[in-house]
Amino acid sequence: FGLSKKHPEPRMFRQPDRLKSSYDAVIIGGGGHGLAAAYYLARDHGMHNVAVLEKGYMGGGNTGRNTTIIRSNYLTPEGVKFYDESVRLWQDLSQDFDLNLFYSTRGHFTLAHTDASVRTMRWRSEVNKHFGIDSELVGADAVQAACPHMDITCGGHAPILGALYHAPGSIARHDAVAWGYGRGADQRGVEIHQQTEVLGITTKAGRVTGVETSRGRISTSRVLCAVAGSTPRLLDMVGLRSPLYIHPLQAMVSEPMKAWLDPIIVSGSLHVYVSQTARGELVMGASLDPYELHSTRSTLDFVEGLAAHMLELFPFLSHVKVVRQWAGMADMTPDFAPIMGKTPIDGFYLDSGWGTWGFKATPVAGKTMAYTVANDRNHELVQDFSLDRFANYALVGEKGAASVGH
Ligand code: FAD
Ligand code: PYC
């Protein structure tokens with residue numbers, strides 16, 4: 001994406017070769033969240049003297065590794081309001097960026113195989129409806145009608161009793177989301193520095209004063225930390241503690257085939273979620289790896305387990321090949337809700353705790369964190385997700401809506 005002799009203008013965004021000695025704000029992490037915050041800081045708050053520092057390449061973290069499911073059918077009023085605003089923002093993004101994000105609304109089924117999960121689906125649908133979200137509990141017949149290829153008895157092991165159906169459920173092209181926000185930020189003067197790792201954060205009298213990077217020191221009074229699975233390392237740099245723990249989350253993709261799967265299918269009990277992309281590939285994921293690990297290595301064990309559950313739902317796929325597998329580092333919280341906003345260090349803001357659920361939140365997290373950084377005041381949608389909720393026993397329990405089995 002840089003300058004070449006043939007293309008003197010940048011095709012996507014500039015690649016500045018030098019860091020300035022100071023910026024009005026520094027964003028650590030060039031994933032969707034960091035880039036979205038940079039975009040809205042410049043577009044909505046007139047803050048252009050901003051640097052995004054990315055230790056690898058843009059979108060190379062969880063943003064480029066997720067299964068792209070977008071939905072707002074959460075369980076708590078705080079979650080539902082937050083994710084609903086994100087789904088609203090997603091609608092205009094391709095237009096705003098002049099870049100096709102392949103945003104595709106498919107409808108989203110969360111399958112219930114037990115009476116207990118039917119109860120949770122009913123609960124979610126009632127909370128959703130209360131906030132005007134299009135969700136309903138449907139019977140197994142509706143699942144079969146929308147997905148005739150599915151064996152709704154699951155080989156007799158775990159018959160489907162019903163599902164939570166969420167019509168707005170969508171998928172999108174994840175790398176384009178990072179590029180769209182990155183290009184939009186770049187066009188408004190933000191500098192994006194890839195291959196630039198933050199190694200330290202300096203503070204004085206409880207205030208941020210700058211960051212130490214692999215390419216030199218920068219002074220700044222505002223730092224937004226948006227590094228997902230690396231958050232505990234960054235928190236160590238400012239002496240803050242959080243209840244975050246990191247588990248790998250893996251995914252895989254099949255060879256392309258003719259379109260046969262329109263809706264997004266999720267089964268927490270079978271540890272399966274699957275959608276078919278515009279290119280015909282099946283994008284599939286399972287639950288978290290059951291151990292704490294700061295690594296993006298992927299395993300054969302995962303492919304075997306997920307393939308077995310996929311075949312319970314879709315036995316006809318037995319000859320289809322898996323062509324890629326990978327992992328991301330999920331920054332998990334005890335209540336399955338994010339940690340956002342101001343922290344006890346003045347000028348140090350957190351956008352983290354996105355675990356297995358943060359891709360859908362990219363637009364709203366960017367917008368609300370930009371507001372929070374620009375005004376040094378938590379946006380009202382962020383307030384309930386602040387770090388101090390763990391000390392105040394004010395958790396936002398979203399485990400029942402996390403999709404991914406845990
Ligand atoms: P990232 O995209 O991880 O960006 C953080 C960036 O920070 C990285 O690029 C990293 O290199 C950089 N960084 C780290 N340390 C430093 C440092 N010291 N200096 C500079 N840069 C640094 N969510 C959904 O909503 N729907 C889904 O279907 C879904 N599926 C998922 C499937 C998988 C397999 C995984 C792993 C996650 C999934 N998620 C899903 C979660 C979602 O991907 C993440 O929550 C979201 O992408 C987080 O975005 P981010 O920008 O905060 O983090
Ligand atoms: O948050 O919807 C989600 C999700 C699905 C798979 C991983 N995360």
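If you're wondering where the values come from, they're calculated on a predicted model, not measured in any experiment. All ligand and atom numbering here is 1-based and tracks the order in the structure.
Counted by atom type alone, S254 and E281 present zero donor-acceptor pairs between their side chains at under 3.5 Å.
Which of T296, T196, V198 comes nearest to atom 19 (N) of ligand 1 through a heavy atom is settled by distance: it is V198.
Residue-ligand proximity, I69 to ligand 2, at heavy-atom distances under 4.0 Å covers atoms 2 (O), 5 (C). Residue-ligand proximity, W357 to ligand 1, at heavy-atom distances under 4.0 Å covers atoms 23 (N), 24 (C), 25 (O), 41 (C). Against a heavy-atom cut-off of under 4.0 Å, T67 is close to the following atoms of ligand 2: 6 (C), 7 (C). Taking a cut-off of under 4.0 Å to the non-hydrogen atoms of L53, the atoms of ligand 1 that pass are 20 (C), 21 (N). Close contacts of ligand 1 with L234, meaning ligand atoms under 4.0 Å from a residue heavy atom, involve 18 (N). Interface of W357 with ligand 2, defined as ligand atoms under 4.0 Å from a residue heavy atom, comprises 1 (O). Of all the atoms in ligand 1, the ones that sit under 4.0 Å from a non-hydrogen atom of S230 are 14 (C), 15 (N).
Only the backbone of T356 comes within 4.0 Å of ligand 1, judged by heavy-atom distances. Residue R65 touches ligand 1 through its backbone alone, judged by heavy-atom distances below 4.0 Å. At a heavy-atom distance under 4.0 Å, no atom of L35 approaches ligand 1. For S352, no heavy-atom contact with ligand 1 is shorter than 4.0 Å. Contacts with ligand 1 closer than 4.0 Å are made by heavy atoms of both the backbone and the side chain of N66.
Atom 2 (O) of ligand 2 has its closest protein heavy atom at R71 NE, 2.6 Å. Protein heavy atom closest to atom 21 (N) of ligand 1, with residue, atom name and distance, is K55 N, 3.1 Å. In this structure, atom 7 (O) of ligand 1 lies nearest to the protein heavy atom G29 CA, 3.3 Å. Of the protein's non-hydrogen atoms, the one nearest atom 13 (N) of ligand 1 is V227 CG1, 3.8 Å.
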Next item on the list: Output, in order, the C-alpha distance, side-chain angles, deciding distance and verdict of ring pair (Phe, Tyr, Trp, His ring centres under 6.0 Å) for F336 and W354.
Entry: CA-CA 8 Å; F336 292 68; W354 289 111; over 10 Å; no
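Heavy atoms of G355 approach ligand 1 to within less than 4.0 angstrom. Heavy-atom distances between G32 and ligand 1 reach below 4.0 Å in at least one pair. Under the 4.0 angstrom criterion for non-hydrogen atoms, G285 is not in contact with ligand 1. Assignment of T362 to the shell around ligand 1 is not supported, since no heavy atom sits closer than 4.0 Å.
For ligand 1, none of its N or O atoms has an N or O atom of Q250 under 3.5 Å away. At a 3.5 angstrom cut-off on N or O pairs, H108 does not count as close to ligand 2. For the pair T356 and ligand 2, the shortest N or O to N or O distance falls below 3.5 Å. By the 3.5 Å distance cut-off applied to N or O atoms, K360 is counted among the residues near ligand 2.
Within 6.0 Å of CZ on R241 lie no more than 12 heavy atoms contributed by other residues, nucleotides or ligands.
The cationic group of R173 lies under 6.0 Å from the six-membered ring centre of F102 and within 45° of the ring axis, placing it in a cation-pi geometry. For the pair R106 and F109, the cation-pi test (distance below 6.0 Å, angle within 45°) is failed.
Only one option out of I201, L350, I345 pairs with L235 in a side chain to side chain contact (heavy atoms under 4.5 Å, CB included); it is L350.
A search for ring pair (Phe, Tyr, Trp, His ring centres under 6.0 Å) contacts involving Y39 returns F97, Y181, not counting sequence neighbours.
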